[in-house]
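Scroll down for the structure; my scribbles are underneath it.
Model, not experiment: these values are computed from the prediction. Quick note on labels: first sequence line is chain A, next is B, and so on, each numbered from 1.
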Number of protein chains: 2
Amino acid sequence: MPEGHQRSGRVTLLDVAQAAGVSRATASLVIRKSPLVANETRRKVEEVMDRLGYVYNMGAASMRAARSNTVGVIVPNLTNPFFAEMLAGIEQALDDAGMIVVLANNRESAANQKTILQRMRERGVDGVIVCPARDVRTSLLSKADEWQLPLVQVLRHISENKGDYAGTDYAGGMRQAVEHLVSLGHRSIAFATGGPVHSAYRERLAGFLSAMADHALDPEIRIEVPLGPFGSPASAESLLHHSARPSAVICFNDIMAAGLANGMTDLGVRVGQDFSIVGFDDLAEAELVRPRLTSIATFPGEIGANAARLLLSRLQTPGRADQRIVSLTRLVVRQSTGAAAPGD
Amino acid sequence: MPEGHQRSGRVTLLDVAQAAGVSRATASLVIRKSPLVANETRRKVEEVMDRLGYVYNMGAASMRAARSNTVGVIVPNLTNPFFAEMLAGIEQALDDAGMIVVLANNRESAANQKTILQRMRERGVDGVIVCPARDVRTSLLSKADEWQLPLVQVLRHISENKGDYAGTDYAGGMRQAVEHLVSLGHRSIAFATGGPVHSAYRERLAGFLSAMADHALDPEIRIEVPLGPFGSPASAESLLHHSARPSAVICFNDIMAAGLANGMTDLGVRVGQDFSIVGFDDLAEAELVRPRLTSIATFPGEIGANAARLLLSRLQTPGRADQRIVSLTRLVVRQSTGAAAPGD
DNA sequence: TCTTGTTATTGGATCGATCTAATTCGAATC
DNA sequence: GATTCGAATTAGATCGATCCAATAACAAGA
């Protein structure tokens with residue numbers, strides 16, 4: 001065992017300083033890469049730190065210094081691949097900045113989110129990136145202000161005009177979907193939803209309605225589809241027998257689209273020829289299913305990275321004005337959409 | 001603004017104590033739910049904490065107390081749904097125990113993993129759950145010992161006989177797959193792999209080889225398939241034209257199986273009739289693709305929860321013997337497997 | 001020689017909690 | 001009445017870093 005530490009086995013800055021023949025203060029300066037310390041001294045101290053296996057104690061440091069280089073990330077769901085991709089984007093960007101992620105799952109509940117935020121504050125996180133649970137109210141933003149806790153909203157926002165936000169242009173994406181179908185000759189287009197109601201939902205719906213209105217189409221064909229790969233057969237049937245006889249459907253996300261497509265196929269409908277389906281998000285699944293899904297790509301990894309950048313810039317310049325980064329979607333045409341039958 | 005805090009805006013335990021007319025020490029006992037404090041005093045202090053909006057400072061606490069109630073989790077990949085499910089299982093179990101997760105992604109690199117572990121130790125995590133990057137060596141376990149850092153391996157292990165480990169019976173799963181195919185009359189069975197080589201890979205291969213040997217079958221049909229939904233057409237073709245004329249294939253995971261199935265279908269082969277395919281993991285995708293995938297279920301969420309339980313028990317009883325929790329797999333028969341043609 | 005200035009280093013106070021050992025205060029026992 | 005005991009509380013030291021103001025060392029300029 002190496003020299004000179006007294007009891008607990010933990011090597012402290014004092015041990016390093018003594019072994020290097022300098023004071024605690026100087027050793028501290030070396031760690032923080034201060035330019036005040038002479039090169040020769042720096043080299044010597046670093047050599048000793050390495051030899052003794054010194055580990056910085058962030059807890060002790062954050063008592064006096066403001067920063068902990070730790071960021072809290074709160075998502076409503078971890079198993080949804082969309083959030084997993086976004087999380088990966090956040091983690092990557094923060095890791096590159098030398099920060100580390102404290103993760104928690106609010107499970108779509110404001111109550112959970114409250115205790116999570118508490119635990120994160122106890123750990124002294126420098127800031128948080130939150131995709132708010134559906135029942136979180138606007139007061140969260142003023143609370144964060146009061147706590148002096150930098151907070152970035154991602155994917156969903158609880159206020160139209162306050163706070164940093166990184167998301168995607170859901171409305172624009174829906175417009176792309178509608179216009180794609182219209183250009184293929186479809187006039188009777190359904191919108192399939194399901195799952196929690198939040199800003200990301202409302203924006204998609206608004207985009208759909210507005211695009212439909214611009215083409216003077218009836219936007220009243222809606223259908224509720226349970227999320228997940230099961231249960232869609234019934235939905236497919238009810239969609240086919242809808243009184244408005246839709247020839248195409250735009251889905252809330254790819255999972256739902258894949259489920260509906262399977263339901264249709266099982267009913268003998270040729271998806272992409274007899275009926276068109278557009279997904280949303282363009283996850284890996286879109287390429288995996290047959291027929292391949294036409295989908296609106298939203299680049300979740302990019303959104304996550306944007307959120308991380310927003311938080312980092314906020315930490316650097318606490319006083320800067322609020323920003324929203326909205327990334328644009330892209331239509332990816334595959335096999336699940338085709339020209340409408342001439343009769344339609 | 002509430003009363004009695006001096007400068008930084010942060011409410012400290014001292015503020016609480018003064019406002020409640022007790023000493024710091026007593027207030028501290030209240031937080032830690034010590035039975036030493038009188039009920040009346042406890043009530044009073046809690047009321048004040050609530051009123052002043054007191055937030056516990058874990059960093060300060062962990063300087064004297066041993067615990068930080070924080071656990072590090074290291075995975076090699078976040079976008080793979082399998083790991084996402086496992087992470088969700090870990091997070092859930094730890095959250096229930098009042099702990100919080102510090103997350104990082106080693107991106108299949110030992111070098112990344114090293115800096116991550118460093119950062120986690122700096123934060124004073126109570127322990128770590130690691131799915132080691134493929135090039136991590138056994139010395140990690142002795143390092144962790146030296147650091148007195150409880151470490152649980154999950155999904156992959158870097159030592160056969162040392163350390164806590166939670167995983168699944170990959171070999172048994174492969175045996176289930178082989179026996180399912182054999183019972184359907186298949187004699188010429190291929191094994192499709194790709195991606196990094198690690199213990200989870202080796203165990204699957206060993207299970208395949210041993211089960212094949214038990215049925216006196218030739219286990220030499222192997223094929224490398226690039227991971228991901230693309231690039232499988234070529235693999236499907238080379239599999240069909242393999243000199244041994246396989247009638248079935250067992251895949252390393254569901255993603256690969258879905259890709260191969262699509263490749264086969266595109267070549268006009270009827271999967272489930274002309275050719276059988278077995279996946280591994282039984283992700284949601286298995287139900288989503290057509291034909292639905294026969295797969296070996298591995299329950300990643302359960303594995304994650306087991307890993308969390310191992311760590312919690314290790315924290316409670318540091319001296320206990322090492323444990324390995326191996327959960328069993330389950331064969332889920334769907335449409336991608338069928339009886340072999342009589343000629344085979 | 002004496003000041004001035006620059007560069008490098010340092011001791012001591014401090015952050016907010018916990019730990020230890022000591023103290024208070026009644027009630028029970030001798 | 002003195003002593004013992006247990007329950008409840010507390011002062012003061014402590015954890016490992018950072019901040020601050022002071023200082024040492026040495027070169028340059030008056």
Side-chain angles (χ1 to χ4, degrees), chain A residues 4-46 48-49 52-70 119 121-124 126 148, chain B residues 4-45 48-49 52-70 119 121-124 148:
Chain A
H5 46 269
Q6 41 278 41
R7 52 177 149 290
S8 73
R10 180 161 188 121
V11 180
T12 140
L13 200 50
L14 182 59
D15 298 325
V16 171
Q18 282 171 348
V22 297
S23 73
R24 280 190 329 275
T26 304
S28 176
L29 291 173
V30 170
I31 298 176
R32 286 175 286 155
K33 306 199 185 308
S34 159
L36 287 177
V37 54
N39 282 332
E40 170 59 14
T41 313
R42 156 163 296 122
R43 204 198 46 68
K44 193 171 54 183
V45 173
E46 281 173 345
V48 172
M49 290 197 329
L52 297 190
Y54 169 73
V55 179
Y56 189 63
N57 185 332
M58 188 69 84
S62 67
M63 271 179 74
R64 288 210 56 102
R67 295 283 288 268
S68 72
N69 289 324
T70 308
R119 288 192 194 153
R121 289 211 293 149
E122 290 178 354
R123 263 102 187 151
D126 293 335
Q148 302 188 40
Chain B
H5 46 268
Q6 43 276 42
R7 52 175 149 288
S8 74
R10 180 162 188 121
V11 180
T12 141
L13 199 51
L14 182 60
D15 298 325
V16 171
Q18 281 171 349
V22 298
S23 71
R24 277 191 330 272
T26 305
S28 176
L29 291 174
V30 170
I31 298 177
R32 287 176 284 156
K33 305 199 187 308
S34 159
L36 287 177
V37 54
N39 282 332
E40 170 58 14
T41 313
R42 155 163 298 123
R43 204 199 46 68
K44 193 172 53 185
V45 172
V48 171
M49 288 196 334
L52 298 190
Y54 169 73
V55 179
Y56 189 62
N57 184 331
M58 188 69 84
S62 68
M63 273 181 70
R64 291 213 52 111
R67 296 282 289 266
S68 73
N69 288 323
T70 308
R119 288 191 196 154
R121 291 212 292 150
E122 290 178 354
R123 264 99 186 153
Q148 302 188 42

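- Checking each of B:V48, B:V45, B:V30, B:V16 against B:V22 for a side-chain contact (heavy atoms from CB on, under 4.5 Å) leaves exactly one that passes, namely B:V45.
- In this structure, of D:dT14, D:dT18, D:dG16, it is D:dT14 that holds the atom nearest to the side chain of B:R64.
- Using a 4.0 Å heavy-atom cutoff across all strands shown, B:A25 reaches at least one base atom of the nucleic acid.
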Protein N or O to nucleotides 23-25 of chain D N or O, pairs below 3.5 Å:
none

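- Between B:A60 and B:L29, it is B:L29 whose nearest contact on DNA chain D lies nearer the 5' terminus.
- If you take OG on A:S68 and CE on A:M63, they are separated by 14.0 Å, rounding to the nearest 0.5 Å.
- Atoms OG1 and CD, on A:T41 and A:E46 in that order, are 11.0 Å from each other to the nearest 0.5 Å.
- As a whole-Å value, the separation of A:L13 CG from C:dT10 C1' is 13 Å.
- For A:R24, counting side-chain heavy atoms from C-beta on, the closest listed nucleotide (D:dC19, C:dG12, C:dA17) is C:dG12.
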Give the C-alpha distance, both sets of side-chain angles, the deciding distance and a yes or no for side-chain contact (heavy atoms from CB on, under 4.5 Å) between B:I31 and B:M49.
CA-CA 9 Å; B:I31 298 177; B:M49 288 196 334; 4.1 Å; yes
List the steps and the verdict of side-chain contact (heavy atoms from CB on, under 4.5 Å) for A:N69 and B:R123.
CA-CA 10 Å; A:N69 289 324; B:R123 264 99 186 153; 3.3 Å; yes
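- In this entry the distance linking CG of B:N69 with C1' of C:dA17 reads 14 Å, nearest Å.
- Here the P atom of nucleotide C:dA17 and the CG atom of B:D15 are 9 Å apart, to the nearest Å.
- Between C:dA17 and B:T12, a contact under 4.0 Å exists linking OP1 or OP2 to a side-chain N or O.
- Between A:T26 and C:dT10 there is a side-chain polar atom (N or O) within less than 4.0 angstrom of OP1 or OP2.
- As a whole-Å value, the separation of B:M49 CE from C:dG16 C1' is 15 Å.
- In terms of phosphate contacts, B:R10 brings no side-chain nitrogen or oxygen within less than 4.0 Å of OP1 or OP2 of C:dG16.
- Of the residues in residues 36-44 of chain B, those with a non-hydrogen atom less than 4.0 angstrom from any atom of DNA chain D are B:L36, B:V37, B:A38, B:T41.
- Distance CD (B:E122) to P (D:dG16): 15 Å, rounded to an integer number of Å.
- In this structure, a donor-acceptor pair under 3.5 Å is present between the side chains of A:S28 and A:R32.
- The side chain of A:Y54 lies closest to D:dA17 when the candidates are D:dA17, D:dT18, C:dG16.
- Between the B:R42 side chain and the B:S34 main chain, a donor and an acceptor come within less than 3.5 Å of each other.
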Please table the atom pairs, donor to acceptor, closer than 3.5 Å between any side-chain atom in residues 52-59 of chain A and protein atoms at least two apart or in another chain.
from: A:N57; atom 1: OD1; to: A:G59; atom 2: N; distance (Å): 3.0
from: A:N57; atom 1: OD1; to: A:A60; atom 2: N; distance (Å): 3.0

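- When the C1' atom of C:dG16 is taken as reference, atom CE of B:M58 falls 13 Å away, rounded to whole Å.
- The nearest pair of heavy atoms linking A:R10 to B:R121 is NH2-O, 4.4 Å.
- If you measure from atom CE of A:M63 to atom P of D:dG16, you get 12 Å, rounded to the nearest angstrom.
- With rounding to the nearest 0.5 angstrom, the CZ atom of A:R43 is 4.5 Å from the CD atom of A:E40.
- The distance from atom CG of B:L14 to atom P of C:dA17 is 9 Å, rounded to the nearest whole Å.
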